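Dumping the structure here so I can ask a few things about it.
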Amino acid sequence: MNRLDWSSSRGKSLRGSVQVPGDKSVSHRALMLAAIAEGTSHIRGFLEGEDTRATAAVLAQLGVRIDTPSAGERVIHGMGLHGLRASSGPLDCGNAGTGMRLLTGLLAGQAFDSRLVGDDSLSKRPMRRVTDPLASMGARIDTRDGLPPLHVHGGQSLGGICYALPVASAQVKSALLLAGLYANGETEVIEPHPTRDYTERMLAAFGWPISFSPGRARISGGHSLRATDVDVPADFSSAAFFLVGASIVPGSELRLPAIGLNPRRTGLLQALRLMGADITIENPRESGGEPVGDILVRHAPLHGVDLPESLVPDMIDEFPVLFIAAAMASGATVIRGAAELRVKESDRIATMATGLRALGVEMAETPDGAIIHGGRLGGGTVQSHLDHRIAMSFAVAGLVADAPVTIHDCRHVATSFPGFLDLANGCGFALQPAA
Ligand code: S3P
């Protein structure tokens, strides 16, 4: 694939309304549960990103018929719990950690073997966090020293376990719950800190008996899923780039309609408010069992904070853009308890540190966080390291940098946010492919 570089320069104030695409986490789960449900499910607001399309393609390889009546819509003809069929070729999850980890749980309980592969970034991401507990359930999964590709052996008899997660991870929790659908007895997952509960909510919506509360979920095998329509809310993690952009560009006033506001996702709202941001939620309501609302964000001077560690799991995907907010805030921002950032699509602490230093920011890395001394951003060249959120975060930096910011290799932005460039330019960014 050709490299795609971007140049981001000072634009105008960010104004108007930006409709960000559907939620990635919800889109992955809706596909998977609908695929093994009885009957036909209709998904609206589906994220047309490369990650979620990769999951749809994997399910099609496993025999599921998926129609696309229009962009953002999928009609899934469910095969029932035991209706998936072996694929003749490897199942390519692309860049998607969520896709690969959740599918591993789903495939561990099938009668047939599967091979899961991913791109260069995904091939470096740790998989033992799912394969070890799945092995205690009776699954047989081969890895390459804990990394993809994964060979999931079929025909294993799974038994439920009670598993206390060593790290807060919705992906691991979800993989175990999906395997638990096929297990004898009860599967219980206990988290060190509550994480996004979309799998639990959606299992309940598809009619599977489940008991869950923040930090704990329990199901037993032997039931079935009933086809259900899913309305996917707009992705808070995609809105995050505009929340920070409008906060740091003077004169901005931006509205982000119908954003998913699940409390396990909105830690960045609290973090930005602690830093002095002016953000209001309008029309709070429920859609498809999820809290949603319109977000209004206006420019406000930001100051550094000692970020409460308890917020970390609720904003785990928003740190790259928080680092940009911190670089523009007066004083120091201290982040701790975020070692998980080192095993995302890139090592997000190291990648952001190198990039911010290239833009003249003083930033110290720690094993589980960073100390960022804010004030101003200069221009320069940064690398995305094949990480969509790093690329978009530095696009936000370019809005306020003294000179243009060139970002190398932005093609992965389409994994989670197709159309970012046009939406961004439509509200005041000056972002273009670099020569
Ligand atoms: C996700 C969980 C988080 C998050 C990822 C999506 C999910 O990962 O970073 O983007 O959909 O379950 P971890 O479970 O590794 O924390």
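Worth knowing before you read on, the calculation uses all heavy atoms, side chains too, and leaves out hydrogens, waters and symmetry mates. Whatever order the structure lists them in is the order used to number ligands and atoms, beginning at 1. Here the structure is a predicted model, which means the values were calculated and not measured.
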- Query: Can we say E365 and R342 salt-bridge, meaning some charged N sits less than 4.0 Å from an Asp/Glu carboxylate O?
  - Reply: yes
- Of the listed options Q171, R389, H28, closest to atom 2 (C) of ligand 1 (non-hydrogen atoms): Q171
- Query: Can you check whether E200's main-chain N or O pairs, donor with acceptor, with D197's side chain at less than 3.5 Å?
  - Reply: no
- Message: Please confirm whether K173 approaches ligand 1 to less than 4.0 Å, judged on its heavy atoms.
- Response: no
- Residue pair S25 / R196, side-chain donor-acceptor N/O under 3.5 Å: yes
- Message: We want to know whether K24 and T52 form a side-chain donor-acceptor pair, criterion being a heavy-atom distance below 3.5 angstrom.
- Response: no
- Which ligand 1 atoms, with their elements, are less than 4.0 angstrom from a heavy-atom of A170? 12 (O), 14 (O)
- Should S25 be counted as touching ligand 1, given the test is an N or O pair under 3.5 Å? yes
- Item | S237 and E318 side chains, donor-acceptor separation under 3.5 Å | yes
- In ligand 1, which numbered atoms sit nearer than 4.0 Å to a non-hydrogen atom of D317? 4 (C), 5 (C), 9 (O), 10 (O)
- Query: Which ligand 1 atoms does K344 reach within 4.0 Å, using its non-hydrogen atoms?
  - Reply: 3 (C), 4 (C), 8 (O), 9 (O), 13 (P), 15 (O), 16 (O)
- Task: Just go through R29, E345, R129 and tell me whose heavy atom is the nearest to atom 7 (C) of ligand 1.
- Result: R29
- For ligand 1, which atoms sit closer than 4.0 Å to a heavy atom of T98? 1 (C), 5 (C), 6 (C), 7 (C), 11 (O)
- Could you tell me whether a side-chain N or O of S220 sits under 3.5 Å from a main-chain N or O of E186, the two making a donor and an acceptor? no
- Item | Under 4.0 Å to a heavy atom of S169 - the qualifying atoms of ligand 1, by number | 13 (P), 14 (O), 15 (O), 16 (O)
- Is any side-chain N of the basic residue among D409 and R411 closer than 4.0 Å to the acidic one's carboxylate O? yes
